[in-house]
Structures are given as C-alpha cells and as structure tokens.
Colleague: 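The structure that follows is given in the form of structure tokens.
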Amino acid sequence: MLLLLPALAWAQQRPAARAGNPPVTPQKGQQIELLTASELQGGDFNGVEIRKLIGNVSFRQGTTLLYCDSAYQYTERNALEAFSNVRIIQNDTITITGDRGTYDGDTRKARITGNVTMRDPRMTLTTQLLDYDLNNNLAYYSTGGHLQDPENTLDSQFGYYNTVSKVFSFKRNVKLVTKENTIDTDTLQYNTVSKIAYFFGPTRIKGKQGNIYAENGNYNTATKISNFARNAKIETPNYLLGGDKLYYDEARQYGVATGRVSMTSKKDNLVIRGDVGRYWRAQGRAKVYGSQPVMRNISDKDTLYLSADTLVSVEGRPPQNKAGVIYAYRKVRIFRADLQGRCDSLTYDRQDSIIYLSHDPVLWNKGNQLTADSMQIQQRRGKIDQMRLFGHAFSIGEDTLGNFNQVKGRNMVAYFGEKAIKKIDVLGNAESLYYALEGDTAVSGVNKSVSATMALRFQDSKLQTISFLTNPEAQFIPPNELKAEDAKLKDFRWRLTERPTRRQTLGKHFAPVPAKPKKKAAPAKKTPAKKTTTKKAASKKPATNPRTAPKPVKK
C-alpha cells in the first residue's frame, strides 16, 4: 500500500487543457504530493470526501515539504489539514512548526496554530497563530508574537515577515530590546539582515546613557546609530535636547539636532533654542548655533534672555559645580526688564549666578550706561546685586534735560537696590561731571571733580551725593562759562542706539504666538420698552445719590 501511495497521488492530477482551449476554471496550483504515511483510511469529514493519513505523514509541493503525525487530505480539492507535530520546510531555509495546520495547494496559503515557531538562519519567531502565503513569501500573525535573533528580542501584537527581503513589519504595542536599549513604539519595520529598525509613530528608546523620543526615523541595532525626525528628543539626567531631526551615535555618545532645536535644563527654568545643536554626552557639553540662538532663564518673576552667534552649555560636575556653565560668543545680547547689554564674549556661571562679560561690554540700567574693558554681574535670588567694572570703567546717566552726567575711573563697583543703581564706588583715577539743575527745568552749573576714589549715592536713579575720599579737586562751572570741551569727560561715548530691545534679543526662537481673532458677537435684538403707568415707576429717582457722588478735588 505504501508503495502505491505516490502513484495514487499522481493519479489525482487533472489532465492538462488542450492547446487552444483555455480552461474554464482559474489556473490552480501544483498538486500536493503525498510522500509517506503509515496508514491510509478513506471516508468523509463533515460531508466531504477525504483520505485520513496516520503516522509519519509527509507531503511535498515543489520545494515545500510538510510533515505531521496525521492529516486529512481532501480528494475533491487541492488542500489538507495536518495534526500534531506539524512542520513546514521551504527551500531548506524556512521552518515552521506548530500543533495544527491547514494548507491550500492552489492558493499556496498555510495556517499554523498552537505553539507556532518559525525559524530561518537569522531569527526565531514564536506565536499562537501564523498565516503563511508561500506565493508572496509573506508570514503574518495577529495574536501577539515574539521575535528573537542572536542580539535582540521583539514583541508585538501584529507582525508581517517577508521571507525573501527578511524584513519584519510590526504594529501595536511593539517592544524591541537590545543589549543597551529598550524601544517602545506603535509601528516598526525591522530588517533581520541589516539589523536596522524603522519607526513610523511615537517611539521611545530607553538606555543606560539616556532616553530618545521621536515620531519617525530609524535605529541601527548593530552600529547603535539613530536617525530620527518629527519632534525628536535626547533626554539625559540633566538636559533634554530636541529638534525637527536628530542624529545620535550611541557608541561615540554624540548627537546632532537640526531645525527648531531646543535644549532644556531639568534642574532650573533654563531653555536654549537655535537651528543646530550638537551634543557630546561623555563631556556633558552641548553647542547651539544658527540664526542667533537664544537662552531663556526664568528666576522668580524676572526672565533673562541671552542671545549670541553661538551658545555652549557645559553640565556641572559635582561637587565643584552642580549647575554648570553657559558660554556665549560673538554678538552677545542681554535683555531683562531691568538690564540690557552687549558684548562679544560672555560666561554665565550658574552655580553662583555670576555673569562675566568681556570684549567691549556695555550695559544699560534704566537711564544709566556702563562700559569697561570687562565686567562682572553678580546676582542674588534672581536679582542683580552688584556690577563690577574692570579697566577704563565709565558710567553715563542722562538727566531730564538731556544732559549727560558722567563718572569714570580705573575700576568701579555698582550696587543695586530694587532694580536700580543705589551706589557706585569708583576705585582709582576717579573723575566726575554732574549737571546741577534748578527744579529739573534749568541748568544752574556743572560740578567737575577729580579724586583717587569716589562714592556716589542715588535715589530713584538720580544722584543724591558724591563723596570724595582721597585727594579731591573740584570746581563749579556756571552755565555762561561752560565750554563744549567741558561738557564731556575723555573717552565719552553715548551708545544708546546699540541698546538691544526685547524683540532683537529673542529673534525668531521665542516669537510670540499670534492671537486668534475673536469672533464678533451677533448684535442683540432690540426689544420695545414696556410702558409703566404705576406711581412707583413714575417716581423712580436717578441712580446717583448727590450726597454720595464723588466731588471734584481742587489742586
């Protein structure tokens, strides 16, 4: 009987259509060939004629082999059902095993259920139900699957695998675990040859060195290189770096963000925005540039804005500096409500809130201008406490009549009260020139003085007293004797046109969002007033009581 089984299977093949007479029914697949079986029984199953094969059953169709413990082979159609220890082998490379299976030889589609395992030389897939289309070389599952290769594991609810291109497509609750990272997403493609994962939805990569978030891009699990787009972010213990596009090399711990770049400090309210950002994780260093990047630091109710051609942030390294340092260079602008400034190079030590300015710095506080070779701004609790001016220090203040009060010296220390200068100490080669006014309407003269040191005290940004501490020389010049050369101290330079505005400092990176126009309310319909004839209505008095109405105040 076993010797006759192949002949019986061959006899079931339909004769080929004659030339010139196309078949009436669609072209069907190659006939399934029975190779072996220990026992064959004839009969019907659910009213359909079958052959029941028991023990060591095997079939072949082309390069595809199917093995099982028992099977039903349908005699009227090219199909079968396999039971127990089902195994399909294709081209000696793909092996699928399971508890039960069905196979249609015409459509060449198989369904395997129960403890399904699919293996090829690169990976192993396990699931509970697998459909396999041999014509399109496509396997897919919808009941949850687990993929494993020598280095990575992947789980998802839905999955598709092209056995030719070796590309997997996963959807719903996708989790890819590598040696270094855990990746969670909703839609992912994974190439088992190149080891590259492609993302098409919100994706989070959690690793030992930090986390990455993006909504589109790819990640090479072999080289550890990421290329992300659409709202991409790198998250570290101290910072969050993001942009429209993000490249990150995990091995080098180096990342580049482009397009609407934003770097946010988690420890305080500090944000840096620009066009390009580079990040060196091992050094704790980030560099932002392009289209005048801007730093925003919010402290209490005051906000400091800082812009330059390039901004560099260096993370703090405890215990010396926990907060870190910001470096700015080329065309630096400073803006806050009580202070504006310019320089070419700046250092902001966030540990002690000290700002160092060099290379032609100039600062403005209300009507006062301060210049020197270099400066230092000391803050306390988010407010300016002191300014120290080193080398060629010069202070200019404009009075109500447009005259310029001036103080200069080798060094200066300016002390601040509530957002305004309250005292200036001039240390070395001190000179001053102040206009004496009569009721803020006329000049009564000019006070010029020279001393080794001076102390100037202010109230409401106006000079109150000058103290000459060492070797003073002073003179008072009446208005009729005042010459043009006496109106300015040497090196006088009024630079108000350089004073940065808020809009100039913020640029495009902190541009306000335009408010949506409010819809005009439809005019209310007028209703005719009802006439009142009662005595009470006729006797109503005006709402204003003459006894309680406000009276005009005489000045």
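Just so you know, residue 1 is the first one in the sequence shown, and it goes up from there.
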Colleague: Salt-bridge test for K383 and D385: reply yes if a basic N is under 4.0 Å from a carboxylate O, no otherwise.
Modeller: no

Colleague: Between G274 and P293, which heavy-atom pair has the shortest distance, and what is it?
Modeller: CA-CB, 4.0 Å

Colleague: Is the ring pair Y254/Y247 parallel, tilted or perpendicular, if the boundaries are 30 and 60 degrees?
Modeller: perpendicular

Colleague: Does the side chain of T505 come under 3.5 Å of the side chain of S307 through a donor N or O and an acceptor N or O?
Modeller: no

Colleague: Enter the distance from E49:CD to T75:OG1 here, rounded to the nearest 0.5 Å.
Modeller: 3.5 Å

Colleague: Measure the CG-OG distance between L240 and S265 for me, rounded to the nearest 0.5 Å.
Modeller: 10.5 Å

Colleague: Counting only N and O atoms by type, is there a donor-acceptor contact under 3.5 Å from the side chain of T127 to the main-chain atoms of G144?
Modeller: yes

Colleague: Is any NZ, NE, NH1 or NH2 atom of the basic residue among D344 and R330 found under 4.0 Å from an Asp or Glu carboxylate oxygen of the other?
Modeller: yes

Colleague: Determine whether F200 and Q189 make a side-chain contact, defined as any pair of heavy atoms from C-beta on separated by less than 4.5 Å.
Modeller: yes

Colleague: Before giving the answer on side chain to side chain contact (heavy atoms under 4.5 Å, CB included), spell out for R230 and F199 the whole-Å C-alpha distance, their side-chain angles and the decisive distance to 0.1 Å.
Modeller: CA-CA 11 Å; R230 203 179 302 160; F199 308 99; over 6 Å; no

Colleague: Among D184, D155, T185, which residue meets the side-chain hydrogen bond (donor to acceptor under 3.5 Å, both in side chains) test with K175?
Modeller: D184

Colleague: Is Y198 close to V167 at the side-chain level, that is, under 4.5 Å between some pair of heavy atoms?
Modeller: no

Colleague: Just so I know, are the side chains of Q61 and R108 near enough to count as touching, which here means a heavy-atom distance under 4.5 Å?
Modeller: yes

Colleague: Distance alone, cut at 3.5 Å: any donor-acceptor contact between the side chains of T310 and Y327?
Modeller: no

Colleague: Just by modelled atom types, is the P202 backbone N or O under 3.5 Å from a matching donor or acceptor in the D186 side chain?
Modeller: no

Colleague: I want to check something: taking the side chain as every heavy atom from C-beta on, are M263 and Y279 in contact at a cut-off of under 4.5 Å?
Modeller: no

Colleague: Measuring only between side-chain heavy atoms, which start at C-beta, is S226 closer than 4.5 Å to I212?
Modeller: yes

Colleague: Take Y72 and F83, measure what side chain to side chain contact (heavy atoms under 4.5 Å, CB included) needs, and give me the verdict at the end.
Modeller: CA-CA 9 Å; Y72 290 165; F83 308 95; 3.9 Å; yes

Colleague: Closer than 4.0 angstrom, basic N to acidic O: yes or no for E81 and R100?
Modeller: yes

Colleague: If the test is side-chain hydrogen bond (donor to acceptor under 3.5 Å, both in side chains), which one of T102, D131, D104 qualifies with R111?
Modeller: D131

Colleague: Rounded to the nearest 0.5 Å, what's the gap from CD on Q41 to CG on L53? Could you check?
Modeller: 9.0 Å

Colleague: Any side-chain donor paired with an acceptor under 3.5 Å for R333 and Y305?
Modeller: no

Colleague: With rounding to the nearest 0.5 angstrom, report the CG to CG distance, D120 to D92.
Modeller: 13.0 Å

Colleague: Walk me through whether I334 and L357 qualify under side chain to side chain contact (heavy atoms under 4.5 Å, CB included).
Modeller: CA-CA 10 Å; I334 300 172; L357 300 91; 3.6 Å; yes

Colleague: For a ring pair (Phe, Tyr, Trp, His ring centres under 6.0 Å) check, start with the C-alpha distance between Y161 and Y141, then their side-chain angles and the critical distance, and finish with the verdict.
Modeller: CA-CA 9 Å; Y161 179 50; Y141 60 86; over 10 Å; no

Colleague: Centroid separation under 6.0 Å, is that true for the rings of Y248 and Y219?
Modeller: no

Colleague: Should we count CG of N135 as having more than 12 external heavy atoms under 6.0 Å?
Modeller: yes

Colleague: What's the verdict on side chain to side chain contact (heavy atoms under 4.5 Å, CB included) for T117 and R119, showing C-alpha distance, side-chain angles and the deciding distance?
Modeller: CA-CA 7 Å; T117 300; R119 292 185 178 88; 3.3 Å; yes

Colleague: So do the side chains of N91 and T163 get within less than 4.5 Å of each other, counting heavy atoms only?
Modeller: no

Colleague: Would you say NZ of K171 has more than 12 non-hydrogen atoms from neighbouring residues, nucleotides or ligands within 6.0 angstrom?
Modeller: no

Colleague: Could you tell me whether a side-chain N or O of D349 sits under 3.5 Å from a main-chain N or O of Q351, the two making a donor and an acceptor?
Modeller: yes

Colleague: Given the ring of Y67, does R87 sit roughly above its face, with NZ or CZ under 6.0 Å from the centre of the six-membered ring and within 45° of the axis?
Modeller: yes

Colleague: Hydrogens and angles aside, do S374 and S358 bring a side-chain donor and acceptor to less than 3.5 Å of each other?
Modeller: no

Colleague: Quick check on side chain to side chain contact (heavy atoms under 4.5 Å, CB included): which of T178, I196, N191 does T221 satisfy it with?
Modeller: T178

Colleague: Please determine if D244 and R260 form a salt bridge, counting it only when a charged side-chain N lies under 4.0 Å from a carboxylate O.
Modeller: yes

Colleague: So does T95 get a backbone contact from the side chain of Q90, meaning a donor-acceptor N/O pair under 3.5 Å?
Modeller: no

Colleague: Could you tell me whether the side chain of R273 reaches within less than 4.5 Å of the side chain of S262, counting heavy atoms only?
Modeller: yes

Colleague: Which pair of heavy atoms, one from T107 and one from D133, lies closest together, and at what distance?
Modeller: O-OD1, 4.3 Å

Colleague: Using atom types as modelled and distance alone, determine if a side-chain donor or acceptor of Q253 lies under 3.5 Å from a backbone N or O of D249.
Modeller: no

Colleague: Kindly state whether the ring of F168 and the ring of F170 have centres lying under 6.0 angstrom apart.
Modeller: yes

Colleague: Any side-chain heavy atom of S169 sitting closer than 4.5 Å to one from F158?
Modeller: no

Colleague: Say you draw a straight line from CZ of F59 to CD1 of I88; how long is it, rounded to the nearest 0.5 Å?
Modeller: 11.5 Å

Colleague: Going by distance alone, is a donor N or O of one side chain under 3.5 Å from an acceptor N or O of the other, for S38 and N56?
Modeller: no

Colleague: Between the main-chain N or O of Y329 and the side-chain N or O of H359, is there a donor-acceptor pair closer than 3.5 Å?
Modeller: no

Colleague: Rounded to the nearest 0.5 Å, what separation is found between the CD1 atom of I50 and the CD atom of Q73?
Modeller: 10.0 Å

